[in-house]
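When a ligand or atom number is given, it counts from 1 through the structure's own listing order.
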Amino acid sequence: FLRGKRALVTGGTSGIGLAICQRLQALGAHVVANSFEDAEEASPRLATTNDKGLPIAFAQADMADHAAISAMVDQVEAQHGAIDILVNNVGVQHVAPITDFPDQVWQRILDINLSAAFFLSKRLLPGMADNKWGRIINIASAHGLVASPYKSAYVVAKHGLLGFTKVTALEHAQAGITCNAICPGYVWTPLVEAQLEDQCKVHGLERQEVIENIMLQPQPTKRFVEVEEVAEMAAYLCGDLARSITGTALSIDGGWTAK
Ligand code: NAD
């Protein structure tokens, strides 16, 4: 049901972003995956073809760099046309107490996890408004709704992203454009794998103890969410039957924020 739609997914070469690219592509969209990696590094993972036999396209840019984001939009629009579906998925994490949190890391997390969504939405909303159809999906987190210690920049950025989702939705409520956030709990991806070591350090625990006592502790289902579950929600939000869902935060967190 997404035939003819063009989608851009930031951080689309790994984890949740890649699963979203693959799902939208399988539903007929023409998908462009962004990452700061080299094309050669990313392309083996982007082989999924759509009904026209096209693989997922790739657009290289560092989402921490405003000029690079702008240049990427120019290139994507010139190459593929106006974008109908924007998935602001890129996100990075750093685990440290506030008193030890490096200033540059704070700024970089806000740039990548929050400001990139603003810059991209600002650039792509006018094209969506011209077409009277658009979807923006912001991948937030359970940490957009509640906090955990040692994740100050991430929690702040994700709370901010929920606020930005609401404003975007309200400003475009009559333009055929919806904007929603998805708030996953712990999803087993390279991002989570990468923070295991830091979590071991700050909590003074072994790997398995971190998985059971820290990561899955707040998640009542006691299982990691899978990337396909998040991708399916994103696909649903792109459908015409989701046209009245806007400005909301949809949790996929195994009951985490129900407590
Ligand atoms: P991941 O680390 O598996 O993938 C991140 C992607 O972003 C990769 O494609 C990477 O190349 C790209 N990337 C990283 N920095 C970049 C930059 N500066 N510029 C461009 N691309 C960059 O991550 P993931 O776990 O799939 O997370 C995706 C999103 O989901 C993030 O916003 C994250 O905060 C959110 N999220 C993840 C979880 C989880 O448990 N994994 C839970 C809640 C929310």
Side-chain angles (χ1 to χ4, degrees), residues 8-23 31-39 41-46 56 58-69 71-73 87-95 104-105 107-117 119-120 137-148 151 153-162 164-165 181-196 199 210-211 214-216 218-219 221 223-231 233-234 249-254 256-257:
L8 172 64
V9 181
T10 66
T13 63
S14 167
I16 293 169
L18 179 59
I20 292 173
C21 287
Q22 289 168 338
R23 189 68 190 120
V31 180
V32 183
N34 148 268
S35 154
F36 59 176
E37 294 166 281
D38 291 334
E41 211 179 315
S43 43
R45 276 170 274 139
L46 305 179
I56 299 167
F58 178 69
Q60 201 262 348
D62 183 348
M63 291 294 109
D65 180 344
H66 184 208
I69 293 173
M72 182 192 77
V73 172
V87 184
N88 289 308
N89 165 77
V90 70
V92 293
Q93 178 64 279
H94 185 77
V95 181
Q104 294 100 315
V105 176
Q107 192 55 54
R108 191 171 161 80
I109 290 181
L110 290 190
D111 288 345
I112 294 172
N113 294 16
L114 183 57
S115 299
F119 295 140
L120 281 167
I137 299 168
N138 295 324
I139 305 300
S141 165
H143 284 123
L145 297 162
V146 294
S148 294
K151 296 186 172 179
Y154 187 88
V155 167
V156 166
K158 295 298 188 181
H159 275 66
L161 193 55
L162 292 193
F164 184 59
T165 301
I182 299 179
C183 297
Y186 270 107
V187 188
W188 188 255
T189 68
L191 176 134
V192 169
E193 178 92 59
Q195 71 168 267
L196 250 180
Q199 293 268 30
V210 166
I211 289 178
I214 305 290
M215 291 183 164
L216 294 182
Q219 211 147 289
T221 47
R223 54 174 289 278
F224 285 98
V225 178
E226 284 163 39
V227 291
E228 290 77 12
E229 299 173 54
V230 183
M233 176 65 82
L250 296 150
S251 290
I252 310 182
D253 65 5
W256 179 334
T257 53

Could you find the nearest protein heavy atom to atom 40 (O) of ligand 1 and give me its residue, atom name and distance? V187 N, 2.7 Å
With respect to S141, determine whether any N or O atom, backbone or side chain, lies less than 3.5 Å from an N or O atom of ligand 1. no
How far is atom 13 (N) of ligand 1 from its nearest protein heavy atom, and which residue and atom name does that atom have? V90 CG2, 3.6 Å
I need the contact type for C183 against ligand 1. Using non-hydrogen atoms and a strict under-4.0 Å cut-off, is it side chain, backbone, both or neither? neither
Taking only non-hydrogen atoms of E37 and a 4.0 Å limit, the atoms of ligand 1 in range are 11 (O)
Using a 4.0 Å heavy-atom cut-off, say whether N34 meets ligand 1 through its side chain, its backbone, both or neither. side chain
Please compare F224, F36, Y186 and report which has the shortest non-hydrogen distance to atom 17 (C) of ligand 1. F36
Could you find the nearest protein heavy atom to atom 8 (C) of ligand 1 and give me its residue, atom name and distance? S14 CB, 3.6 Å
What are the atoms of ligand 1, with element, lying closer than 4.0 Å to any heavy atom of A61? 19 (N), 20 (C)
Can you label the angle between the H66 ring and the F119 ring as parallel, tilted or perpendicular, going by 30° and 60°? parallel
Within the 4.0 Å heavy-atom shell around I112, which atoms of ligand 1 are there? 18 (N)
Short question: side chain of N34, backbone of G11 - any donor-acceptor pair under 3.5 Å? yes
Nearest heavy-atom neighbours spanning V227 and G15: CG1-C, 3.7 Å
Pair N138-T165, side-chain donor/acceptor within less than 3.5 Å: yes
Quick one: nearest non-hydrogen protein atom to atom 2 (O) of ligand 1, plus distance? L191 CB, 3.3 Å
M72 and ligand 1 - part of the residue with a heavy-atom distance under 4.0 Å: neither
Which of the atoms in ligand 1, numbered in the order shown and given with their element, are less than 4.0 Å from a heavy-atom of G91? 31 (C), 32 (O)
Residue-level breakdown please: for Q93 versus ligand 1, do any non-hydrogen atoms fall below 4.0 Å on the side chain, on the backbone, on both, or on neither? neither
Atom of C183, atom of A249 and distance for their closest heavy-atom approach: SG-CB, 3.9 Å
Side-chain donor/acceptor of D253 to backbone N/O of T257, under 3.5 Å: yes
Quick one: does H143 get within less than 4.0 Å of ligand 1, heavy atoms only? no
Can you name the side chain to side chain contact (heavy atoms under 4.5 Å, CB included) partners of L114, sequence neighbours left out? A157, L161
Within ligand 1, which atoms have a heavy atom of T13 less than 4.0 Å away? 8 (C), 9 (O), 11 (O)
Partners meeting ring pair (Phe, Tyr, Trp, His ring centres under 6.0 Å) with F224 (sequence neighbours left out): W188
Quick check on contacts: which atoms of ligand 1 are under 4.0 angstrom from a heavy atom of Y154? 33 (C), 34 (O), 35 (C), 36 (N), 43 (C), 44 (C)
Could you find the nearest protein heavy atom to atom 42 (C) of ligand 1 and give me its residue, atom name and distance? G185 O, 2.9 Å
I want to check something: taking the side chain as every heavy atom from C-beta on, are D38 and E41 in contact at a cut-off of under 4.5 Å? yes
Considering only protein heavy atoms, which is closest to atom 43 (C) of ligand 1, and at what distance to one decimal place? P184 O, 3.3 Å
Closest to atom 31 (C) of ligand 1 by heavy-atom distance, out of I252, N89, D111, I139, is N89
Examine M63 against ligand 1 and note whether any of their N/O atoms are separated by less than 3.5 Å. yes
Report yes if the side chains of Q93 and V95 come closer than 4.5 Å at any heavy-atom pair, otherwise no. yes
Who's the nearest protein heavy-atom neighbour of atom 18 (N) of ligand 1, and how far? D62 OD1, 2.8 Å
What one should report as the nearest heavy-atom pair of G185 and V225 is N-CG2, 4.5 Å
If you define the side chain from C-beta out and look only at heavy atoms, does anything of S35 sit under 4.5 Å from Q60? no
Within reach of ligand 1, part of L18 (heavy-atom separation under 4.0 Å): neither
Answer yes or no: does an N/O atom from I16 fall short of 3.5 Å to an N/O atom of ligand 1? yes
Derivation of the ring pair (Phe, Tyr, Trp, His ring centres under 6.0 Å) call for H94 and Y154: CA-CA 7 Å; H94 185 77; Y154 187 88; over 10 Å; no
Side chains of R45 and L18: does their closest heavy-atom pair fall under 4.5 Å? yes
Which ligand 1 atoms are under 4.0 Å away from a heavy-atom of S35? 11 (O), 20 (C), 21 (N)
Check each atom of ligand 1 against the heavy atoms of P190 and keep those under 4.0 Å away; list them by number with element. 3 (O)
Touching ligand 1 at all, A140? Heavy atoms, strictly under 4.0 Å? yes
Heavy-atom nearest neighbour in the protein, as seen from atom 24 (P) of ligand 1, with distance rounded to 0.1 Å: T189 OG1, 3.5 Å
Show the nearest heavy-atom pair for residues A231 and A19, with the distance to one decimal. CB-O, 3.5 Å
Cationic N near anionic O, under 4.0 Å, E229 to R223: yes
